[in-house]
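First up is the structure itself, then whatever we jot down about it.
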Amino acid sequence: MGRKVYKSLPDMSKARNRVDLPLIKAEEILVPERVKNFAKGRTYLIKTFGCQANVRDSEIMAGYLEKAGFCKATDETSASLVIVNTCAVRENAEEKVYGEIGKFKANHTRDKSFVMAVCGCMMQEEKAAEKIVSTYPYVNIVFGTHNISNLLNLIDEHLGRNKDIVDVISYPGDIVENLPSIRLDPYKAYVNIAYGCDKFCTYCIVPYTRGRERSRQKEEIIAECKQLVEEGYQEITLLGQNVNSYGKDFHDGTSFASILEEVAKLGIPRLRFMTSHPWDFDDKMIDIIAKYPNIMHFIHLPVQSGSDDVLRRMGRRYDQAQYLDLVRRIKERIPDCALSTDIIVGFPDETEEDFQATLDVCEKVGYDSAFTFIYSPRKGTPAAAMKDDVDAATKHERFTRLVKVIEKSVTAHAEAMIGKTYKVLVDGPSKKDENLLSGYTESNKLVHFVGPSYLKGKIVEVKINQSHTYSMIGELVDDPLLIMAKEVGRELSNEPLAKAYFEAKRAYEEDESASKLRQQIEDAQKEMVAYANKGDDEGHAKAKKAYLEAKTLYENHPVVKNFETAKEDLEPLLVQVASLINERKE
Ligand code: SAH
Ligand code: SF4
Ligand code: F3S
């Protein structure tokens with residue numbers, strides 16, 4: 001490919017800017033003619049690194065591509081267009097990206113029209129885009145987190161000019177609504193409630209790669225969640241780098257607790273949220289989580305460090321005592337609440353004493369799970385410029401010790417589950433063993449058990465038999481067919497036609513004049529038989545007349561007519577139910 005066109009490149013100082021207010025855009029989705037033609041018969045693949053924010057972005061990009069006419073590729077080698085969505089949070093996340101892009105050289109060699117794009121947080125770092133395009137000549141398009149909604153135009157520009165396009169914008173960021181999306185999971189959905197981050201923890205690149213903290217309008221969030229409920233989704237996770245800050249930028253008293261409550265009221269079976277910063281986790285939030293049974297009793301509450309000095313230098317805005325007090329308040333009101341956390345080991349100049357304070361917090365809280373990281377300096381962040389006299393070996397040794405302490409509480413929680421029954425949302429066949437199903441409990445514990453694949457997307461009761469610390473082995477409490485029958489029964493009783501049938505049936509059974517007529521018909525029929533046996537034609541004719549009169553009255557009786565119509569109306573529904581059970585079993 002010929003020359004590269006650098007439309008814009010990232011600039012950390014612009015990325016730090018938080019001055020003006022975000023715009024809300026909702027543009028119509030227009031597919032350029034050239035992209036439409038190119039997409040015909042071609043397939044796409046998106047590789048996603050990093051957090052849920054990236055997963056959601058990839059779903060949106062898939063939405064744009066499918067609107068243009070691309071189909072999802074079934075394997076890597078045949079894909080005609082590949083997007084690698086990158087993460088920049090730690091050095092090792094970046095290393096994986098290079099390996100991934102390298103894999104697609106063969107696609108380019110085989111198919112000269114192959115299009116390779118790289119996007120996401122890593123591209124928002126200075127020099128990253130230049131490095132990518134100079135290392136991998138077959139990368140055609142580079143863009144960032146702020147111009148995802150411009151994806152089809154970038155492809156169009158690349159195709160039209162026959163050039164490689166680099167367009168990474170650094171600015172505080174706006175909100176784009178009316179986004180298309182192809183969700184990865186038919187039962188579990190992520191819903192963005194806020195973008196970006198204004199916390200600027202000193203080690204973290206996210207506020208630079210994702211821009212300012214900006215909340216989506218409540219109406220947009222509710223509309224999206226409502227649709228998911230209608231589509232039969234079982235679980236919604238509200239997403240934000242710091243969900244607790246939701247609505248603060250509106251300056252009208254809107255809070256995360258209020259949106260959490262409104263979404264819970266929509267009736268989604270499972271509601272989760274992440275991530276919560278301990279600093280502005282208020283009691284109102286705890287109350288709402290405790291109040292609604294469909295808000296899962298699981299909170300991801302990153303502590304990062306247990307040392308007051310390290311926390312201060314990290315810019316986390318809380319100390320150990322405040323964090324532990326928050327944990328105490330949560331456990332007081334939600335005793336079965338599972339807690340997980342993120343911990344960074346080896347922050348610049350972390351002392352053994354600092355590290356001991358982290359271990360201390362872990363012992364005191366007894367986390368159900370934890371993500372542990374070795375500090376990774378991120379260029380342009382304040383911590384990257386801090387003096388650090390701790391050597392790598394010490395950091396690794398601390399990391400190993402931390403993992404051991406974490407494992408103790410994870411094991412204790414897991415073993416306490418043995419013999420008890422939990423509700424599990426079935427994800428489908430287990431990744432490790434396709435003969436097993438897997439899913440998560442309300443407290444986010446992974447469970448494997450034997451069962452048919454048609455239970456995917458159902459919430460089933462599983463009795464836990466065995467602990468593998470990070471996952472559990474259990475067994476279905478109910479017979480799978482019984483689970484299906486119960487479900488169809490539940491759905492049927494809500495179906496308007498079925499409701500009408502049951503109401504008409506009750507009215508019919510309770511109506512005295514109708515039952516009298518039923519009796520008269522029966523009696524007349526008996527008489528007809530008796531007269532016929534006796535050979536009494538006159539008597540028979542009299543009885544027949546009485547029979548026909550009663551029958552006509554009966555057939556024209558409003559409750560009878562109503563019941564007959566309801567029965568007839570129900571027929572297609574019954575056919576549907578039968579095929580539904582069949583379909584779900586397949
Ligand atoms: N907004 C979320 C998640 C941010 S990134 C939050 O505040 O919790 C996820 C985790 O990555 C962080 O919680 C932190 O533990 C870790 N992390 C971020 N920057 C890091 C760095 N430079 N080195 C090591 N770990 C880091
Ligand atoms: Fe990064 Fe801190 Fe923002 Fe989380 S809250 S994204 S750790 S700056
Ligand atoms: Fe990574 Fe960006 Fe998420 S840096 S962790 S993908 S916000």
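Indexing begins at 1, ligand by ligand and atom by atom, following the structure's order. Note that these values count all heavy atoms, side chains included, but never hydrogens, waters or copies made by symmetry. On a predicted model such as this, the values are computed, not experimentally measured, just so you know.
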Report each N/O pair between ligand 1 and the protein that falls under 3.5 Å, naming both atoms.
unit_1	atom_1	unit_2	atom_2	d
ligand 1	1 (N)	Q241	O	2.8
ligand 1	1 (N)	Q241	OE1	2.8
ligand 1	11 (O)	R90	NH1	2.9
ligand 1	13 (O)	Q304	NE2	2.8
ligand 1	13 (O)	D342	OD2	2.6
ligand 1	15 (O)	Q304	OE1	2.6
ligand 1	17 (N)	R90	NH1	3.4
ligand 1	22 (N)	Y203	O	3.0
ligand 1	22 (N)	S376	O	2.8
ligand 1	23 (N)	S376	N	3.0
ligand 1	25 (N)	R90	NH1	3.4

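- Residues D342 and H300 have side chains that bring a donor and an acceptor to within less than 3.5 angstrom of each other.
- With Y203 as the aromatic partner, R378 does not meet the cation-pi criteria of under 6.0 angstrom to the ring centre and within 45 degrees of the ring axis.
- Distances shorter than 4.0 angstrom occur between a heavy atom of R316 and an atom of ligand 2.
- Residues passing the ring-ring contact (aromatic ring centres under 6.0 Å, His included) test with F298, sequence neighbours excluded: none.
- With 3.5 Å as the limit, one finds a donor-acceptor pair spanning the side chains of Y44 and E66.
- Only protein N, O or S atoms were considered, and those under 2.8 Å from atom 1 (Fe) of ligand 2 are C204 SG.
- Side-chain polar atoms of N244 and S276 form a donor-acceptor pair below 3.5 angstrom.
- No side-chain donor from either of K432 and S438 sits under 3.5 Å from a side-chain acceptor of the other.
- The closest side-chain donor-acceptor pair between E235 and Y187, if any, does not fall under 3.5 angstrom.
- The distance between the ring centers of H277 and Y318 falls below 6.0 angstrom.
- Looking only at protein N/O/S atoms, the ones less than 2.8 Å from atom 3 (Fe) of ligand 3 make 1 in total.
- Side-chain atoms of D249 and Y246 include no donor-acceptor pair closer than 3.5 Å.
- Taking the six-membered ring for Trp, F200 and Y208 have ring centres closer than 6.0 Å.
- No side-chain donor from either of N153 and D156 sits under 3.5 Å from a side-chain acceptor of the other.
- Listed here is the closest heavy atom pair of A88 and I205: O-CG2, 3.5 Å.
- The side-chain heavy atoms of E407 and T469, taken from C-beta on, include a pair separated by under 4.5 Å.
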